[in-house]
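Shown next, in structure tokens, is the structure this report addresses.
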Amino acid sequence: MVTPEGLNEPQAEAVAHVAGPLVVFAGAGSGKTRVITYRIANLVAQHGVAPWRILAVTFTNKAAAEMRSRVEKLVGAELGREVWVGTFHATCARVLRRWGSAVDVPQSFVIYDTQDQRTLVNRILKELQLDDKRYPARAMLGRIGKEKQELRGPGSMNTASYDDEIAAKVFARYQEHLKAAGAVDFDDLIVKTVELLQGESADAKQLRRRFEHVLVDEFQDTNFAQYTLLRLLSSERQNLFVVGDDDQSIYRWRGADIRNIRSFTADFPGARMVKLEQNYRSTGAIVRAALGVIEPSLGRVPKELWTANDPGDPIEVISVRDERDEATIALRIVRESREAGHDLREIAIFYRVNAQSRVLEEALRAERIPYQVVGGAKFYERAEVKDALAYARAIVNSRSDVDVLRIVNVPARGIGQTTMDRVVAGADEQRISVWDALSDDAALAALAPAARKRIAAFVQVMLGLRKETEQMAPSDALEHILGRVGYVDMLKQDGSVEAEGRLENLRELVGSARDFEGQDAQPTLALFLERVSLQSDTDDLRDQGKVTLMTVHAAKGLEYDTVVMSGMEEDMFPYRSLDPSRDHDVEEERRLAYVAVTRARRRLVLTHASERQVFGSSRMGRPSRFINDIPADVRRHSQTEAMRVATRFVDRPPPSSGGFDRARAVAPWRHPTSAGGPPSSARPSSPPPSAEPGSRFVDREFFDDVPEGEAMPRVKRGMLVKHEVFGEGRVLAVEEASDPKVVAAFPGWGEKRVLLRFLRLA
DNA sequence: ATTCCTGCCTTTTTT
DNA sequence: AGGCAGGAAT
């Protein structure tokens with residue numbers, strides 16, 4: 001059944017929902033954004049809800065922009081503009097900018113990113129004289145973040161061990177520093193807003209009543225703090241409308257709690273539930289592949305994803321030799337697509353981790369195929385950009401120590417480490433900001449006169465800049481600052497290619513400030529800085545005529561006609577599944593694979609390499625278990641020429657040695673789901689007459705041209721291998737046999753002859 | 001004070 | 001492989 005607006009029954013039900021809590025389980029490609037935007041339009045147009053009393057929250061700026069534009073299309077720009085649409089972080093920043101003073105967040109607050117956080121923690125470790133080996137900043141911040149996501153402060157966290165006590169101490173000092181700096185980190189944006197809303201101030205009361213309707217996208221990715229925020233914002237009327245898909249929950253590592261969506265109806269007795277199960281996006285084969293991947297997942301809310309679309313073509317699974325071979329395949333897909341007259345914008349290449357993009361990029365560049373990389377090396381994290389922003393932030397908010405320390409000697413002003421160490425120690429002692437210490441003669445009394453003079457000059461420059469830029473547009477201010485402090489001159493004098501690139505980046509930064517001025521009603525420098533902090537490169541619009549490269553995480557919420565998923569190997573995807581020391585979460589990896597598969601509309605290509613460079617050293621890989629989970633009748637296997645050559649070269653023994661059983665030789669690499677049990681006589685392995693001896697595995701479906709392109713370990717003399725007991729060793733010889741052996745030298749053990757299947761590539 | 005070198009450690013994934 | 005922190009050399 002379809003309504004006049006073209007909605008199916010459950011969609012229409014969700015859209016028509018007016019009051020009370022409701023959870024929508026929205027399968028991939030089931031039209032959830034449509035449901036949210038239509039519902040907002042419905043509330044405004046049919047139920048006379050004031051647009052500014054509606055809040056719609058997303059996780060990414062991109063989703064927010066998309067939602068806003070669609071709402072404006074439905075209800076008109078004038079009303080649409082009034083709706084509060086934004087990410088969790090941007091929404092909170094907006095609230096805090098206005099009402100944050102009640103929770104010690106000044107109007108001019110700055111947002112510390114991960115780098116800033118680390119700088120600050122490192123300083124605290126020094127201050128508290130803690131060993132940064134034993135208490136690495138990264139780990140400390142991980143802990144602090146975790147606590148914040150659970151809304152615990154340094155005083156309320158669980159301190160069972162000595163290390164916990166240390167963490168609490170660092171945490172406490174960290175918060176003090178943030179407060180003194182007038183800064184917040186990403187988690188604080190949520191935490192502070194929650195604090196504000198929990199308060200009894202008039203502002204808090206008003207805010208709790210402000211929103212008649214709260215709508216949330218990607219609800220499965222909320223953490224406890226975010227969930228609490230939503231409950232507070234909707235506490236008055238309970239009009240909380242959440243949309244998500246527990247199968248697509250992929251952010252547990254940053255605190256997302258899948259139970260928020262799975263237990264929604266338990267948390268809100270009387271809440272309604274709607275399931276969107278019809279997929280409009282993908283071919284039948286792709287939907288079936290996706291189901292195959294997600295079905296083994298545990299604890300799912302039962303859903304029946306289906307599609308009325310054509311079955312389409314099978315999923316292409318391609319065995320490649322290594323990452324370069326893989327890039328060649330990606331190129332081939334792109335070329336085919338282009339020759340068929342498709343826009344390159346409709347092609348995406350996915351990978352599990354950003355590091356995989358390099359080889360793909362090189363290949364695309366060599367072939368002059370236009371591409372864009374989403375995420376990865378982030379523009380706003382480049383040193384020169386951070387420097388420029390640090391100047392701006394130090395001018396807007398001089399209490400921000402991290403920024404002042406960053407730029408105090410860039411370009412070099414003769415204010416060195418020793419000098420600054422003393423200043424910082426003094427500032428810590430007196431509990432004043434670094435800036436205050438620098439501008440206070442008494443605080444500098446212990447310094448050499450020459451150093452004091454240079455510091456005084458720096459302070460004067462900064463004070464001058466604050467005055468001069470006060471009335472300037474952000475772009476002009478940035479330009480002025482960079483010129484005045486000699487930053488541009490420094491780069492120009494350098495003259496190197498890198499310096500040229502840095503100048504270009506700074507021009508781009510100024511350009512982005514100019515863009516901002518065109519968009520915002522009140523383009524102040526502070527607001528520009530805020531936007532920069534909350535902006536990720538992921539938010540760029542899709543360029544015409546360009547292939548897109550990105551991680552699967554970045555791909556969530558997007559769709560492409562053609563998707564190439566690279567690196568479909570065990571230990572790559574699922575990531576680190578072979579590392580027993582890590583508490584990897586294969587469940588989450590599975591959901592991530594589901595996300596990847598469901599991005600494709602028409603064509604899905606999976607590649608897996610038998611060998612790959614990781615951290616500089618070569619590593620072998622077997623196909624990902626997720627490939628096996630795709631129903632055999634919707635996948636088609638093949639291998640590249642390079643792969644064919646490689647396997648022939650290594651695996652086919654000379655005729656005289658006869659009957660080398662390949663299937664057995666690779667057994668330990670081949671069956672990720674069965675724990676190491678080698679395929680034995682239980683699996684009859686007599687090859688069909690047409691095939692070459694030993695060229696088939698019997699537990700697989702094969703098609704026309706498929707000479708079984710499994711990933712093969714290619715152990716050769718000189719390779720570094722790893723043994724459970726002997727550790728790492730160098731291969732000296734390989735003995736072909738039905739169960740091949742390897743002679744290798746293990747430091748501390750000498751030469752050992754071991755079965756190949758007990759080795760892994762080091 | 002600056003620059004260069006070396007050794008370590010990294011890598012999920014993002015606001 | 002690459003980036004970054006700490007240390008040595010200039």
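A note on names: the letters A, B, ... follow the listed sequences, proteins ahead of strands, and every chain is numbered from 1.
Here the C1' atom of nucleotide dT11(B) and the CH2 atom of Trp253(A) are 12 Å apart, to the nearest Å. At whole-Å resolution of the value, OH in Tyr575(A) and C1' in dT13(B) are 10 Å apart. For the pair Asn354(A) CG and dT10(B) P, the interatomic distance rounds to 17 Å; values are reported in whole Å. Atom-to-atom, CD of Gln220(A) to C1' of dT13(B) comes out at 15 Å; the value is rounded to the nearest Å. For Phe186(A) and dT15(B), the CZ to C1' distance is 5 Å, given to the nearest whole Å. The distance from atom OH of Tyr251(A) to atom P of dT13(B) is 11 Å, rounded to the nearest whole Å. As a whole-Å value, the separation of Lys148(A) NZ from dT15(B) P is 18 Å. Between the CD atom of Gln417(A) and the P atom of dA1(B) there is a distance of 9 Å, given to the nearest Å.
Not one N or O on the side chain of Asp322(A) forms a donor-acceptor pair closer than 3.5 Å with the backbone of Arg612(A). Side chain of Arg152(A) to main chain of Glu147(A): no donor-acceptor pair is present (N/O by atom type, distance under 3.5 Å, no hydrogens or angles). Using modelled atom types, no side-chain atom of Asp245(A) and backbone atom of Glu218(A) make a donor-acceptor pair closer than 3.5 Å.
At the phosphate of dT2(B), OP1 or OP2 sits under 4.0 Å from a side-chain N or O atom of Asn409(A). Residue Thr87(A) places no side-chain N or O under 4.0 Å from the OP1 or OP2 atom of dT14(B). Taking 4.0 angstrom as the limit, Arg138(A) places a side-chain polar atom (N or O) nearer than this to OP1 or OP2 of dT11(B). Residue Thr114(A) has no polar side-chain atom (N or O) positioned under 4.0 Å from OP1 or OP2 of dT15(B). For dT14(B), one of the phosphate oxygens OP1 or OP2 lies less than 4.0 angstrom from a side-chain nitrogen or oxygen of Thr551(A).
Across all strands, Arg118(A) comes closer than 4.0 Å only to sugar-phosphate atoms, never to a base (heavy-atom distances). No engagement by Ala90(A) is indicated, since no non-hydrogen atom pair under 4.0 Å with the nucleic acid exists. Note on Phe88(A): nothing from the nucleic acid sits closer than 4.0 angstrom, heavy atoms only. Heavy atoms of Thr58(A) sit nowhere under 4.0 angstrom from any nucleic acid atom. The residue Asn122(A) sits apart from the nucleic acid: no heavy atom pair falls under 4.0 Å. Counting any heavy atom pair closer than 4.0 Å across all strands shown, Ile250(A) reaches no nucleic acid atom.
Annotation: side-chain contact (heavy atoms from CB on, under 4.5 Å) contacts of Glu361(A) (sequence neighbours excluded): Ser357(A), Arg365(A), Tyr371(A), Val373(A), Leu549(A). Evaluation of the ring-ring contact (aromatic ring centres under 6.0 Å, His included) rule for Phe171(A) yields no partner, not counting sequence neighbours.
Judged by a 6.0 Å distance limit and a 45° cone about the ring axis, Arg590(A) is not positioned over the six-membered ring of Phe626(A).
Map Val614(A) and Asp187(A) each onto its nearest nucleotide of DNA chain B; the residue landing nearer the 5' end is Val614(A).
The same atom, P, is picked in dT13(B) and in dC4(C); the two are 15 Å apart, to the nearest Å.
Relative ring orientation between His553(A) and Trp253(A) is described as perpendicular, the plane-to-plane angle rising above 60° on a 0-90° scale split at 30° and 60°.
For DNA chain C, the outermost nucleotides in 5' to 3' order that have an atom under 4.0 Å from a heavy atom of chain A are dA1(C) to dG6(C).
For Tyr227(A) and Phe219(A), the distance between ring centers is under 6.0 angstrom.
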